[in-house]
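All remarks here apply to the structure that follows.
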Amino acid sequence: MDALRRPERFAARLLMAGLTLVLMLMACLNGSARAASPEVIFPDHVQQGAMVIGKVPPNSRVEYEGRTLRVTDYGTVVFGIGRDARSDQLITVTPPAGSTMTARVEVTPRDWPIERIDGVPPATVSPPPKIAERIRREQAAVSRARTRNDDRIGFTQAFIWPVEGRISGRFGRQRIYNGTPGSAHSGMDIAAATGTPVRAPAAGVITFAEPDLYLTGGTVLLDHGFGISSNFLHLSQLDVKVGDHVEQGEVIGEVGSSGRATGSHLHWGMNWFDTRIDPLLVLERTQP
């Protein structure tokens with residue numbers, strides 16, 4: 001009886017091996033870009049507010065969120081994940097010699113607590129029309145400075161803290177000023193004494209420098225390249241001007257409490273163009 005069943009068992013095993021091979025081929029064809037090409041590397045998952053650095057073949061065309069990304073000579077790309085991003089993020093990569101493939105990055109949601117801030121001057125919470133117009137003009141100028149897409153690569157450095165101190169305000173928290181709901185906190189607040197030197201967390205060029213904006217007081221923007229920028233708010237002194245090239249660790253100003261601030265601290269924000277990202281995640285990130 002066993003002799004009669006051996007051919008049947010052999011045929012069954014052969015069929016199973018064939019099915020396994022087919023499934024493996026389908027997985028390769030339908031899998032992520034990471035599985036399809038070892039030259040295309042992105043993180044499997046990131047948190048909301050992350051700066052994402054990936055690796056692709058040099059001279060590839062890379063697209064994300066309707067934007068064509070710059071690629072370094074050695075194949076590095078970067079983009080930002082917004083505070084409220086929820087679904088998986090898709091990046092299309094077309095190598096110089098090859099078919100277009102898609103990389104998928106899973107976004108891990110975060111808990112966003114509510115932060116209440118009292119004692120803010122009422123005119124900065126609900127400003128009169130003339131002040132509201134000034135705020136609009138000033139914020140539009142800041143936004144324009146964030147549209148740059150330079151080929152500098154300061155963003156690839158391991159970022160350092162611009163000042164040392166306690167984190168007094170965290171990125172993404174919903175803020176309520178004097179009982180009035182405001183927008184989510186756009187950066188990280190670091191408590192420090194007025195006059196404390198503020199150092200560039202990574203190399204770049206100064207694209208905006210104004211000592212007295214209504215909301216943010218002394219304000220400096222530092223462009224790190226490829227759409228990644230840092231902003232430093234509430235400064236008591238500016239030591240740079242637009243067009244200055246600064247190296248990592250170079251002093252760009254001093255901590256203060258100018259603008260809408262209730263005490264001396266540095267607000268350090270980061271952006272990928274108009275997408276706000278979390279500086280703390282940038283400090284903690286690992287390269288792919």
Side-chain angles (χ1 to χ4, degrees), residues 41-42 46 49-82 89 91-94 96 138-162 171 186-188 198-210 213 216 218-233 235 238-253 266-279 281-283 285 287-288:
I41 304 174
F42 288 92
V46 297
M51 181 176 80
V52 181
I53 292 182
K55 184 74 173 177
V56 300
N59 299 316
S60 294
R61 180 180 177 85
V62 184
E63 296 177 286
Y64 169 71
E65 290 288 291
R67 184 186 292 272
T68 299
L69 307 187
R70 275 188 175 273
V71 181
T72 66
D73 293 341
Y74 48 89
T76 294
V77 295
V78 64
F79 60 90
I81 300 291
Q89 304 297 296
I91 309 99
T92 60
V93 180
T94 306
E138 292 175 346
Q139 294 308 302
V142 172
S143 295
R144 285 194 298 272
R146 293 193 179 114
T147 62
R148 293 175 62 124
N149 192 11
D150 292 355
D151 61 359
R152 66 191 67 257
I153 55 173
F155 72 90
T156 64
Q157 294 179 311
F159 279 58
I160 62 173
W161 288 72
F171 171 86
S186 61
M188 177 171 69
V198 177
R199 301 183 183 277
V205 63
I206 303 299
T207 58
F208 187 92
E210 289 292 339
L213 299 193
T216 58
T219 301
V220 168
L221 263 66
L222 176 59
D223 186 280
H224 304 295
F226 285 49
I228 299 293
S229 64
S230 288
N231 57 81
F232 310 94
L233 314 182
L235 301 176
L238 278 59
D239 294 326
V240 290
K241 63 183 182 303
V242 172
D244 285 351
H245 293 255
V246 298
E247 297 299 327
Q248 185 177 58
E250 188 174 337
V251 174
I252 59 176
L266 174 68
H267 172 105
W268 174 26
M270 288 192 67
N271 277 63
W272 175 65
F273 298 111
D274 59 352
T275 298
R276 300 187 186 277
I277 55 180
D278 186 352
L281 293 184
V282 175
L283 288 169
R285 85 177 199 279
Q287 299 268 356

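Residues L222 and I206 meet the side-chain proximity criterion, which asks for heavy atoms closer than 4.5 Å. At least one side-chain heavy atom of L283 sits less than 4.5 Å from a side-chain heavy atom of W268. Using a 4.5 Å cut-off on side-chain heavy atoms (C-beta onward), E210 and L238 make no contact. Between R199 and W161 there is no side-chain heavy-atom pair separated by less than 4.5 Å. Looking at heavy atoms from C-beta onward, T94 lies out of side-chain contact with T92 at the 4.5 angstrom threshold. In this structure, D150 and V205 have side chains that are in contact, with non-hydrogen atoms separated by less than 4.5 Å.
With F226 as the fixed residue, the ring-ring contact (aromatic ring centres under 6.0 Å, His included) test singles out one of F155, F79, F273: F155.
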Go through the steps for L266 and L235 under the test side-chain contact (heavy atoms from CB on, under 4.5 Å), then give the verdict.
CA-CA 7 Å; L266 174 68; L235 301 176; 3.8 Å; yes
Run the side-chain contact (heavy atoms from CB on, under 4.5 Å) test on M51 and V78 for me, step by step, so that the C-alpha distance in whole Å, both residues' side-chain angles and the decisive distance to 0.1 Å come before the verdict.
CA-CA 7 Å; M51 181 176 80; V78 64; 3.6 Å; yes
Please determine whether side-chain contact (heavy atoms from CB on, under 4.5 Å) holds for the pair M188 and M270, giving the CA-CA distance in whole Å, both sets of side-chain angles, and the decisive distance to 0.1 Å.
CA-CA 9 Å; M188 177 171 69; M270 288 192 67; over 6 Å; no
Test side-chain contact (heavy atoms from CB on, under 4.5 Å) on E138 and T219 and set out the steps.
CA-CA 11 Å; E138 292 175 346; T219 301; over 6 Å; no
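For D278, the side chain to side chain donor-acceptor pair (under 3.5 Å) test picks out R110, with sequence neighbours left out. Not counting sequence neighbours, the partners of D239 by the side chain to side chain donor-acceptor pair (under 3.5 Å) test are Q237.
A donor-acceptor pair is defined here as one N or O able to donate and one able to accept, closer than 3.5 Å; no such pair exists between the side chain of T216 and the backbone of L213. Of the possible polar contacts, none joining the E63 side chain to the T68 backbone as a donor-acceptor pair under 3.5 Å is found. Although no hydrogens or angles enter the test, the distance criterion places a donor-acceptor pair under 3.5 Å between the side chain of R70 and the main chain of N149.
Contact between A200 and V246 at its shortest, heavy atoms only, is CB-CG2, 4.1 Å.
Taking CG from L69 and OG from S60, the interatomic distance works out to 11.0 Å, rounded to the nearest 0.5 Å. Taken to the nearest 0.5 Å, the CZ atom of F159 stands 12.5 Å off from the CG atom of L281. With values rounded to the nearest 0.5 angstrom, R152 atom CZ is found 15.0 Å from T72 atom OG1. Separation of atoms CZ (R146) and CG (N271) is listed at 4.0 Å; rounding is to 0.5 Å. For the atom pair CG of D223 and CG of N231, the computed distance is 12.0 Å after rounding to the nearest 0.5 Å. Interatomic distance, CZ of F171 versus CD1 of I277, reported as 8.0 Å (0.5 Å rounding).
Between W272 and Y64, the ring planes lie tilted relative to each other; the angle falls in the 30° to 60° range.
E247 CD: 12 or fewer foreign heavy atoms inside a 6.0 Å radius.
When only modelled atom types and interatomic distance are considered, H224 and S230 share a side-chain donor-acceptor pair under 3.5 Å.
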